[in-house]
Amino acid sequence: MPTSGRSDTAPPADDHSAACTGAAATIVAPASAPNISTDAAIHFSDAAAPAPTFREYVPMVAAATSATSAATWSAYWRVLAEKWGDTPIDTPSASELMIPSNEVQARAIRRRGSRDGQSAKANFIDATRHRYLIAQADRYIAASRNPTAQLRKPRRAKSLRRPLTSGQLIDINTIAASTGRDPALDTLLLRLHTETACRRGGALALRPCDVNTDVRTIRLREKGGTTREQPVSPTLAAGLLAHARSRPGPGDREQLLRHRDGRPIGRSRYHTLCKRLGRHLPWIGDMGITAHWIRYTTLTWVERNYGYAMAASFAGHAATGYQTSSTMTYVAASVEELAVAVAALTGQPHPLAQ
């Protein structure tokens, strides 16, 4: 989801004053040298290459962004490209960028489960800021002229999510197993998220080589570049490998979860599944339930039964990240302790829980 080395060309904008002052103190210009003022020298060295258009810059930004973040932000980059396709990226002001952010929020409000569109607006601003930080690194725009520095995200609203009941989970799995064109894939997805509380990005990044049948763990690679070993039940480990054998990809380092025709699944699979479940269980649409509700449900169960430190480790929250305190550096649960929780959750013994 940008080297620290300094190039031999003109120094960055923030270093111009120091560089010019040092040159004046140590170098005496020959009599024939042109008289260039300090302001002129700074203006000359600040000159940047012509900025690309919004449409041209989309693939550049996507290539410089992690796959997980790009998948989240690509829809918002398309909003910018549709609004200012052939306009250079250094053209819009902060106030002009606020217009599409408000439009994104207004569209989200019309969706079920939306918290006044605040999350959509915040994601749009994150995507736009990231785009301009890359443009700044590419020297298409100076830090002092970055319009996203003036954008303010809305205050984060309290989540409407709550743990699903056992009955609701049973209903969801029953409908997934008895409807649709690929119930085997859908029930495997639900089992994976229920048992591991993994994020959607972690499930999509899972590879056959990430399944360790000796110690019954899977390797999850999730947002922020984090990687962790998560214990799983024998049933889930066997199900994942059986799925990989029946729907093989180009190699064991390619995506594990695939459609029956061998194509890797994407985020749209989750949308399709939730929409189908909602047709049979109207409360899913009324509550705006997504796969993240299952993660919420499992983590709540872990916290209630094993405490906050275990739940934070089960969630894959970084030990010193914004989601946890520095105390987690000392009290984070081990993979063996997580295996104890998995064994209790699934009712199946785990080799690491002995």
Side-chain angles (χ1 to χ4, degrees), residues 71-72 74-76 78-79 102-124 154-204 206 235-236 239 243 257-261 263-305 311 314-315 345-347:
T72 300
S74 59
Y76 304 111
R78 285 196 297 271
V79 170
N102 292 332
E103 293 171 347
V104 165
Q105 181 179 17
R107 285 196 294 270
I109 289 175
R110 294 194 290 268
R111 296 198 296 268
R112 286 177 172 179
S114 173
R115 288 176 285 172
D116 294 329
Q118 291 181 340
S119 293
K121 183 174 183 177
N123 285 336
F124 175 86
R155 180 176 297 178
R156 193 168 186 173
K158 182 179 179 180
S159 175
L160 299 176
R161 296 189 188 101
R162 60 170 179 77
L164 299 173
T165 66
S166 296
Q168 288 173 326
L169 278 175
I170 291 172
D171 288 344
I172 287 173
N173 280 274
T174 299
I175 296 299
S178 58
T179 63
R181 298 179 180 179
D182 198 349
L185 172 61
D186 293 335
T187 52
L188 181 61
L189 266 180
L190 291 171
R191 174 90 190 205
L192 175 62
H193 285 282
T194 303
E195 191 171 311
T196 68
C198 67
R199 298 177 177 89
R200 184 171 54 180
L204 295 177
L206 191 64
T235 297
L236 179 55
H243 179 89
L257 295 169
R258 294 177 177 271
H259 296 283
R260 284 186 295 183
D261 61 5
R263 291 179 298 113
I265 71 168
R267 290 170 178 261
S268 61
R269 183 68 196 181
Y270 289 89
H271 300 314
T272 301
L273 174 58
C274 288
K275 189 176 293 186
R276 187 175 84 246
L277 293 174
R279 288 198 296 268
H280 296 271
L281 303 170
W283 50 266
I284 287 181
D286 294 339
M287 297 169 65
I289 289 175
T290 64
H292 205 76
W293 284 63
I294 297 178
R295 171 176 164 86
Y296 193 103
T297 301
T298 300
L299 292 178
T300 300
W301 180 88
V302 173
E303 192 278 331
R304 298 294 190 270
N305 289 276
F314 208 101
L345 176 67
T346 62

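Values reported hereafter were calculated over all heavy atoms of this structure, with side chains retained and with hydrogens, waters and symmetry mates removed.
- The OG1 atom of Thr187 sits 11.5 Å away from the CG atom of Leu192 when rounded to the nearest 0.5 Å.
- Nearest heavy-atom pair across Pro183 and Ala176 is CB-O, 3.4 Å.
- Of the inter-residue distances, the one linking Leu189 atom CG with His193 atom NE2 reads 5.5 Å to the nearest 0.5 angstrom.
- Side-chain atoms of Thr298 come within 3.5 Å of backbone N or O of Thr194 as a donor-acceptor pair.
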>> Between Thr235 and Arg191, is the side chain to side chain contact (heavy atoms under 4.5 Å, CB included) condition met? List the steps.
In response: CA-CA 10 Å; Thr235 297; Arg191 174 90 190 205; 3.9 Å; yes
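- Listed for the Arg107 side chain is no donor-acceptor partner under 3.5 Å among the backbone atoms of Gly117.
- Put simply, the side chain of Leu204 reaches to within 4.5 Å of the side chain of Tyr270, judged on heavy atoms.
- Distance alone, capped at 3.5 Å, is enough to place a donor-acceptor pair between the Arg260 side chain and the Arg181 backbone.
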> What's the verdict on side chain to side chain contact (heavy atoms under 4.5 Å, CB included) for Arg295 and Arg199, showing C-alpha distance, side-chain angles and the deciding distance?
Replying inline: CA-CA 7 Å; Arg295 171 176 164 86; Arg199 298 177 177 89; 3.2 Å; yes
>> I'd like to know whether Arg279 forms a side chain to side chain contact (heavy atoms under 4.5 Å, CB included) with Lys275, so could you lay out the CA-CA distance, the side-chain angles of the two residues, the decisive distance to 0.1 Å, and finally the verdict.
In response: CA-CA 7 Å; Arg279 288 198 296 268; Lys275 189 176 293 186; 4.0 Å; yes
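- Taking CG of Asp171 as the reference point, atom CG of Leu281 lies at 5.5 Å (rounded to 0.5 Å).
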> Do Asp186 and Arg276 pass the salt bridge (Lys or Arg N to Asp or Glu O under 4.0 Å) test, and can you show the C-alpha distance, the side-chain angles, and the key distance before you say yes or no?
Replying inline: CA-CA 11 Å; Asp186 293 335; Arg276 187 175 84 246; 2.7 Å; yes
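- With sequence neighbours excluded, no residue forms a salt bridge (Lys or Arg N to Asp or Glu O under 4.0 Å) with Arg258.
- Leu257 places a side-chain heavy atom less than 4.5 Å from the side chain of Leu188.
- Under the side chain to side chain contact (heavy atoms under 4.5 Å, CB included) test applied with Thr196, the options Leu236, Leu206, Ile294 reduce to a single match, Leu236.
- In this structure, Gly201 and Arg267 approach most closely via the heavy-atom pair CA-NH2, 4.5 Å.
- At distances below 3.5 Å, at least one donor-acceptor pair connects side-chain atoms of Thr297 with backbone N or O atoms of Leu164.
- Nearest heavy-atom pair across Thr290 and Cys274 is CA-SG, 4.0 Å.
- Between Asn305 atom CG and Thr300 atom OG1 the span is 10.5 Å, to the nearest 0.5 Å.
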> Between Asp182 and Arg269, does a side chain to side chain contact (heavy atoms under 4.5 Å, CB included) hold up when you go through it step by step?
Replying inline: CA-CA 11 Å; Asp182 198 349; Arg269 183 68 196 181; 3.7 Å; yes
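- We find the CD1-CG distance between Ile175 and Leu277 to be 7.5 Å, quoted to the nearest 0.5 Å.
- Cys198 contributes atom SG, which lies 10.0 Å from atom CZ of Phe314 (distance to the nearest 0.5 angstrom).
- Shown here for Leu345 and Glu195, the closest heavy-atom pair between the two residues is CD2-O, 3.9 Å.
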